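Below: the structure, in structure tokens.
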Amino acid sequence: MKARPIAAALAVLGYVIMLVPILFVVASAFTSSSTLSFPPKGFSLQWFGKAAAYQPFTDALVSSLLLAGCATALALALGVPVALGLHRGAIPGRSLLQGLFLSPLVVPELVIGLALYQQLMIGLGQTAFAALLIGHAVLLMPYAVRVTGAALTLADPALEEAARGLGATPWRAFRTVTLPLLRPGVMSAALLGFITSFNNVPLSLLLQSRDFGTLPVTMLDYVQQSYDPVIAAMSTLILAATIIVAVVAERTVGFTRIFGGIN
Amino acid sequence: MFHRPRAGALLLFPGLLLMVLGFAVPSAAMLFAPPGVSPSDVFTRLTKMLTDGYDLQIIGRTLTLGLIVTVVCVVIAFPIASLLARSTSRWAGLWLALAVFPLLLSNVVRSFGWLVILGSNGVMGKIITGLGLAQQAPQLLYTPLAVVLGLVQLFLPLAVVSCYSAVAQVDRGLDDAARGLGASRLRTLWTVVVPLSLPGIVVAATLVFAGSITAYTTPYLLGGSSQRMLATQLFVHANVTVDWAAASATALVMTVLVFALSGIGSAVARAKGRVA
């Protein structure tokens, strides 16, 4: 029995399942008919125009970008010091703390979303944006702590000590030695965090309000009401943006490595 | 600056505050005592859920589909990972990137593809009727098959990535040694590469299983109300019927399942790692 043909056949099947459905979405966005069907009838760009002019989508896009930016910044502002503290300080209960910071990867996101909906939005009367910001920052904490932590493990603590020995103040040693060593880790965590937040559905699902909704949830709502090529056009636009992000990420930090490293 | 415990504690404090007040406390409150509901109500609803036919069917479906998705993902991802990790082709990097790329793409966009393929006007129905296999296109959407396909598409990249790093760290010289001693390719794979990369395979399986039983978007879009799973049922309790005792009970089942699974997964991975 030969292993190679079987492996190759399974590999082909895998790539078909991963990629072909995405191609169908793209193809059906260019149809000139008003139903989402395949093969597309005729060729037109009208659905792209309609998607770009549909206000709930444009509003939600702005909301999602704002949320992803703020949540990433908050998670890094809180998470990078945590990574430094866990790495360098002699902290009692260190593995327990580490477990707490990584646990949002395990707890179902829908559970976190419902918890914040009950406690923050209903209990404390907070806005959807506040609840989403806290929820997404929690969700991104594991990335901020672990990806930056991984960069720190590679950095030699002797370097900072050498700088101190040569007379640098603690702050200067940190700023000129440790911080540059951290930069790739922080950039990877930022990219990973932004994309994770932007694409999130389960956590955001219950934390929507009339004035603040995220794009993936708005798109899900749209499909439930009408099933037309606008949704395929919007998906194609998101795909195009994601490809640009992936190419830029590959050129700068190497997305295959980042995404390969996190799990 | 960071060698004193007090400085370390100070660095941890803001992050810890977020995790406790924005995550641990609200989650615990929601799971055990949601607003206006006593813990005993949640417990009563939980026992009812574990004896009720309809709820048990949802739990059973969630676990069964999760298991099928896990097996399919590992069976497909391992060959992809071993072909890529052992390839000397200059295109291997591009193929790896193509397998990783979907991780960056919205789940909503990825699952929409199956609506176009499996929907009532979809390609698959046209192929089936076109080939004369059936008079009418069969119902494909909102079936277990649709959910499995959607979830396999969703989690394959994750499985490929985990298996790839597992296979890549197995010394290539061992393959060559086995082959040189006369083992067939399949035997080499089965007796050398698979056992040595088993911890990574177990990690992949755990991630896929845990992801499948908590996924929302794919079961919602492709399974609908006829293939309800724990996550979609939790959303109904939380947002449609607003039955918070039921929502907490469902959330408890889901959380316990995921934690048990992750615990078992990492224990098995560690044990296999020691043997290998």
Side-chain angles (χ1 to χ4, degrees), chain A residues 1-4 7 10-11 13-14 17-18 21-22 24-25 28 35-38 78-79 81-82 84-85 88-91 100-101 104 106-108 110-112 114-116 118-119 122-123 134 137-138 141 170 174 195 199 201-202 206 216 219-220 231 235 238-239 242 246 256 259-260 263, chain B residues 1-3 5 7-8 11-12 14-15 18-19 22-23 26-27 29-30 34-35 76 79-80 83 96-97 100-110 112-114 116-117 121 123 152-153 156-158 161-162 165 185-186 189 207 214 216-217 231 234 238-239 247 251 254-255 258-259 262:
Chain A
M1 211 166 133
K2 291 234 166 66
R4 191 144 282 201
L10 286 169
L13 178 67
I17 293 178
M18 282 193 282
I22 302 171
F24 277 103
V25 176
S28 56
T35 54
L36 199 57
S37 69
F38 199 91
L78 302 180
V82 168
L84 283 167
R88 297 287 168 86
I91 307 288
L100 175 67
F101 285 111
V106 186
V107 177
L110 207 57
V111 170
I112 308 176
L114 178 58
L116 294 177
Q118 288 177 346
Q119 304 299 324
I122 294 180
I134 290 176
V138 165
M141 261 325 239
F174 172 73
I195 288 172
N199 287 336
V201 170
L206 293 162
M219 285 170 72
L220 273 188
I231 206 76
S235 299
I238 293 176
L239 173 68
T242 311
T256 327
F259 279 79
N263 281 298
Chain B
M1 155 176 207
F2 306 113
H3 298 266
L11 286 168
L12 288 174
L18 174 76
M19 295 308 284
F23 169 64
S27 300
M30 192 279 283
I76 294 178
I80 293 182
L83 286 175
L96 183 63
V100 178
F101 172 73
L103 287 174
L104 280 78
L105 185 63
S106 162
N107 293 353
V108 179
V109 173
R110 284 195 274 164
F112 277 158
W114 295 107
V116 182
I117 295 173
N121 271 323
V123 198
V152 167
Q153 181 205 19
L156 253 184
L158 202 58
V161 165
S162 307
S165 47
R185 233 184 254 282
L186 188 68
L189 195 70
L207 287 172
T214 56
Y216 174 81
T217 310
L234 173 57
N239 207 51
M254 220 157 97
T255 310
V258 171
F259 269 92
S262 308

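Chain letters run A, B, ... following the sequence lines, proteins first, then strands; residues in each count from 1. Everything numeric in this text was worked out from a predicted model, so none of it was measured.
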So which heavy atom on B/Ala238 is nearest to which on A/Leu114, and how close? CB-CD1, 3.7 Å

Could you tell me which residues satisfy side-chain contact (heavy atoms from CB on, under 4.5 Å) with B/Pro34, sequence neighbours excluded, listed by chain and number? A/Gln118, B/Val37, B/Val42, B/Trp244, B/Ser248

Are B/Asn107 and A/Val201 close enough that some pair of their side-chain heavy atoms sits under 4.5 Å apart? no

Pair count under 4.5 Å, heavy atoms only, with chain A: among B/Asn239, B/Val152, B/Leu18, highest is B/Leu18

Specify which of B/Pro14, B/Pro79, B/Pro26 makes the most heavy-atom pairs with chain A at under 4.5 Å. B/Pro26

What part of B/Thr214 gets closer than 4.5 Å to chain A, counting heavy atoms only: side chain, backbone, both or neither? side chain

Under the criterion side chain to side chain contact (heavy atoms under 4.5 Å, CB included), I'd like the reasoning laid out for A/Met18 against B/Ile76: C-alpha separation, chi angles, the key distance, then a yes or no. CA-CA 11 Å; A/Met18 282 193 282; B/Ile76 294 178; over 6 Å; no

Counting only heavy atoms closer than 4.5 Å, note whether B/Leu83 contacts chain A via side chain, backbone, both or neither. side chain

Closest non-hydrogen atoms of A/Leu116 and B/Gly22, given as atom of the first, atom of the second and distance, are CD2-O, 3.3 Å

Rounding to 0.5 Å, atoms CG (B/Leu104) and OG1 (A/Thr242) come to a distance of 7.0 Å

Hits for ring pair (Phe, Tyr, Trp, His ring centres under 6.0 Å) against A/Phe101, two or more places apart or cross-chain, chain-then-number order -> none

State, to 0.1 Å, how close A/Gly14 and B/Ile80 come at their nearest heavy-atom pair, and which atoms those are. CA-CD1, 4.1 Å

Would you say B/Phe23 and A/Met141 make side-chain contact, with heavy atoms under 4.5 Å? no

Within the structure provided, determine whether B/Ile117 and A/Pro21 are in side-chain contact (heavy-atom separation under 4.5 Å). yes

Out of curiosity, A/Leu84 CG to B/Leu12 CG, how far, rounded to the nearest 0.5 Å? 9.5 Å

Give the minimum heavy-atom separation between A/Pro108 and B/Val258, together with the two atoms involved. CG-CG2, 4.3 Å

In terms of heavy-atom pairs under 4.5 Å, which option from A/Gly79, A/Pro104, A/Pro216 contacts chain B the most? A/Pro104

Below 4.5 Å from any heavy atom of chain A, which atoms of B/Val109 appear? Answer side chain, backbone, both or neither. both

Exercise: identify the closest heavy-atom pair between B/Val108 and A/Met219: CG1-CB, 4.3 Å

Which heavy atom of B/Met254 sits nearest a heavy atom of A/Leu110, and at what distance? CE-CB, 4.5 Å

Looking at A/Ile238, A/Leu206, A/Ile122, which one has more heavy-atom pairs under 4.5 Å with chain B than the rest? A/Leu206

Take A/Ile22 and B/Gln153 through the side chain to side chain contact (heavy atoms under 4.5 Å, CB included) test and state the conclusion after the steps. CA-CA 10 Å; A/Ile22 302 171; B/Gln153 181 205 19; 4.1 Å; yes

So for B/Ser27, is it side chain, backbone, both, or neither that comes closer than 4.5 Å to the heavy atoms of chain A? both

